[in-house]
Amino acid sequence: MAQRYIYDSVESFLPDALRGFVAANPEIAWHRDPGFLARRAPTPPGRVAVLSGGGSGHEPMHSGLIGAGLLDAVCPGPIFTSPNALQIAGATRHVHSGAGVLHIVKNYTGDMMNFRIARDIVRDEGIDTDVVVVADDVATESAGDGPGRRGTGATIVVEKVCGAAAAGGATLSEVTVLGRRVADNARSMSVALDPCTVPGSDQPSFDLGPDEMELGIGIHGESGTERTQWRPAAQIVRTLLERILGSLDVAAGERVIVVVNGLGSTHPLELGLVFGHVLEQLRAAGIPVVRALVGTMVTALDMRGVSVTVARADDEIVGLWDAPTDAPAWPRLTAAEPGELMDTTVAEPDDAANSGPECGWLSAFVARVRGAIDELTALDRQVGDGDFGANMAAALGRFDLPLRGSDADVLDAIARSYFVRSGGTSGAVFGTLFRELSKAFAGDDDFPAALAAGTRAGLESVVELGGAQVGDNTVVDALHPANEALQQGDSLADAARAAAEGAESTRDRLARKGRASYVGEAARGAVDPGALVISWLFEAAADAG
Ligand code: ADP
Ligand code: MG
């Protein structure tokens, strides 16, 4: 198995991570003995302090939530292991400034015990404390009297609201009551496509088949409630929301805050996508989402997956959610209601090419390219990044054959389709060439003359655009010889032959332009796919003319 982490040694992984974290966040200090992080600014006299902590591996929670208006201190334990009672007692003492200290604790036995012992210790010193327990994970809900639900994503909602209330001057009992209200009214559930691996271990936390996913996964890689085949996002979200809303018993019209959270190795694009479904489904159920946080906040090391948290919100909670904080991991833009879900259908360019006389040569060209997508993909895999076939298919795949219209109109339709639908270099290069061809055909009724003029203009524009010369393994290697032949009045068949030979000449030469220039020796033996497609264009012209 490939190494999954960047580190110097397993033993120093956490301290080395902490070292960089504290240096990057100079408002936060590390207290080596007994081991906690705290704001450098002392708690103002008479203000309640808010303290959290737990096993490491869930960053940016909790360390990234230290700041004005959020947490005063955090006790990090070893990876996935509770901090010890002396760490917690030391941090409690440090942040106490006369008005008491609130502990926010996720519901795991080790955490519950150590925080409790710490409170017992400091009580004897006259420090007032209380606790809010977060137990939001519906995957661990059971009727019996087990340990109860695990604490997961809702923890950050509780921390934000309590931190803001404490900053606003609430008393310890007020902050505690409020925190419990938030915790009691929040539920979460997760799904993972990939387990997590503890640094230094060669075993992931569980095994998933190539096409499987796990629902109800815990933030320490505890396996979930249901293993299923991969499903589309909308269905996953439906399952998660069903469980969450069922447990929370939310009725239509009740306002909620939503957190869509990455579990460690999930791309921001996926988080946005999941949130879109959450918002759509909650709105369809008549549940207004008044605030949202979409980001990687509560991780399970490097797990690939997401958790969804729904928390009931009233005006007081929303106000505290919106209150400012300078905690480094709290996103700046959470204080607004989510907007409308936009229409994601792609705008269709006006390039039908389906009325008028048949345009035989371009129909033949388009058909030939469409029949060779796999071959073109394979060639670009060898000389480039493998997307050339897809780019050609995107540009040419949607036309109804045969193409209809004047040569100029069909060439223009193809040019626009290249620009709009085809990414990469080829969209720009082929779009430019077909645009020049279209302009030439619009100004000249004679087929060979228009082709010659268009080819010359196209070659000039492509060279000006990309700076490629003959020998660089690009479309220019086919375009240039075809243009030479046409300018000296050779037949279309000769021009097509020249283009084909030019394309073939790229086979054993190393590229200097385009993506192929990055792959070097690996590209030897394959023709440049762009040049090959150009040669097909001239062959189609020769066959027709
Ligand atoms: P990308 O390089 O962005 O992956 P494509 O795979 O869609 O783009 O297109 C690659 C083709 O573009 C190459 O086969 C080559 O013929 C052509 N090409 C690359 N660079 C240039 C350039 N500077 N001028 C003209 N054509 C180029
Ligand atoms: Mg490519």
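Both counts, for ligands and for their atoms, begin at 1 and track the order of listing. For the numbers below, each heavy atom of this structure counts, side chains included, while hydrogens, waters and symmetry mates do not.
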Carefully, step by step, assess Glu280 and Val237 under the rule side-chain contact (heavy atoms from CB on, under 4.5 Å). CA-CA 10 Å; Glu280 190 167 44; Val237 168; over 6 Å; no
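Polar contact check, Val475 against ligand 1: a nitrogen or oxygen pair lies under 3.5 Å apart. Between Gly424 and ligand 1, no pair of N/O atoms sits closer than 3.5 Å. Looking at ligand 1, you'll find an N or O of Gly466 within less than 3.5 Å of one of its N or O atoms. For ligand 1, the polar-atom distance check against Asn473 finds no nitrogen or oxygen pair separated by under 3.5 Å.
Looking at Arg231 and Thr239, their side chains do bring a donor and an acceptor atom within 3.5 Å of each other. If you check the side chains of Ser12 and Asp16, you find a donor sitting under 3.5 Å from an acceptor.
A distance-only check finds no donor-acceptor pair linking the side chain of Ser355 to the backbone of Arg404 [under 3.5 Å]. No donor-acceptor distance shorter than 3.5 angstrom exists from the side chain of His58 to the backbone of Ala300, with no hydrogens or angles considered.
Near Asp380, with a cut-off below 4.0 Å to any heavy atom, the atoms of ligand 1 are 6 (O). Short contacts between ligand 1 and Val429, defined as distances under 4.0 Å to a heavy atom of the residue, involve ligand atoms 25 (C), 26 (N). Remark: ligand 1 atoms within the under-4.0 Å shell around heavy atoms of Asp387 are 4 (O), 5 (P), 6 (O). Each of the following atoms of ligand 1 lies closer than 4.0 Å to a heavy atom of Val462: 25 (C).
Each of Phe447, Phe538, Trp536 was scored for a ring-ring contact (aromatic ring centres under 6.0 Å, His included) with Trp361, with one residue passing: Phe447.
With respect to the Mg ion (ligand 2), Asp380 has OD2 as its nearest N, O or S atom. Within Asp387, OD1 is the N, O or S atom that lies nearest to the Mg ion (ligand 2). Atom OD1 is the N, O or S atom of Asp385 at the shortest distance from the Mg ion (ligand 2).
Distances shorter than 4.0 angstrom occur between a heavy atom of Pro529 and an atom of ligand 1.
Within the set Leu532, Thr425, Asp528, the minimum heavy-atom distance to atom 13 (C) of ligand 1 is found for Asp528. When the heavy-atom distances from atom 24 (N) of ligand 1 to Ala503, Ala390, Ala468 are ranked, the shortest goes to Ala468.
Sorted by first then second residue, the ring pair (Phe, Tyr, Trp, His ring centres under 6.0 Å) pairs that include residues 408-429, not counting sequence neighbours, are Tyr418-Phe430, Tyr418-Phe434. Counting only residues at least two apart or in different chains, salt bridge (Lys or Arg N to Asp or Glu O under 4.0 Å) contacts with residues 454-468 are absent.
At a heavy-atom cutoff of 4.0 Å, ligand 1 is contacted by no atom of Val463, backbone or side chain.
Classified by interplanar angle (parallel below 30°, tilted 30° to 60°, perpendicular above 60°), the ring pair Phe13/Tyr5 is perpendicular.
Annotation: Glu212, atom CD; neighbour count of heavy atoms from other residues, nucleotides and ligands within 6.0 Å is above 12.
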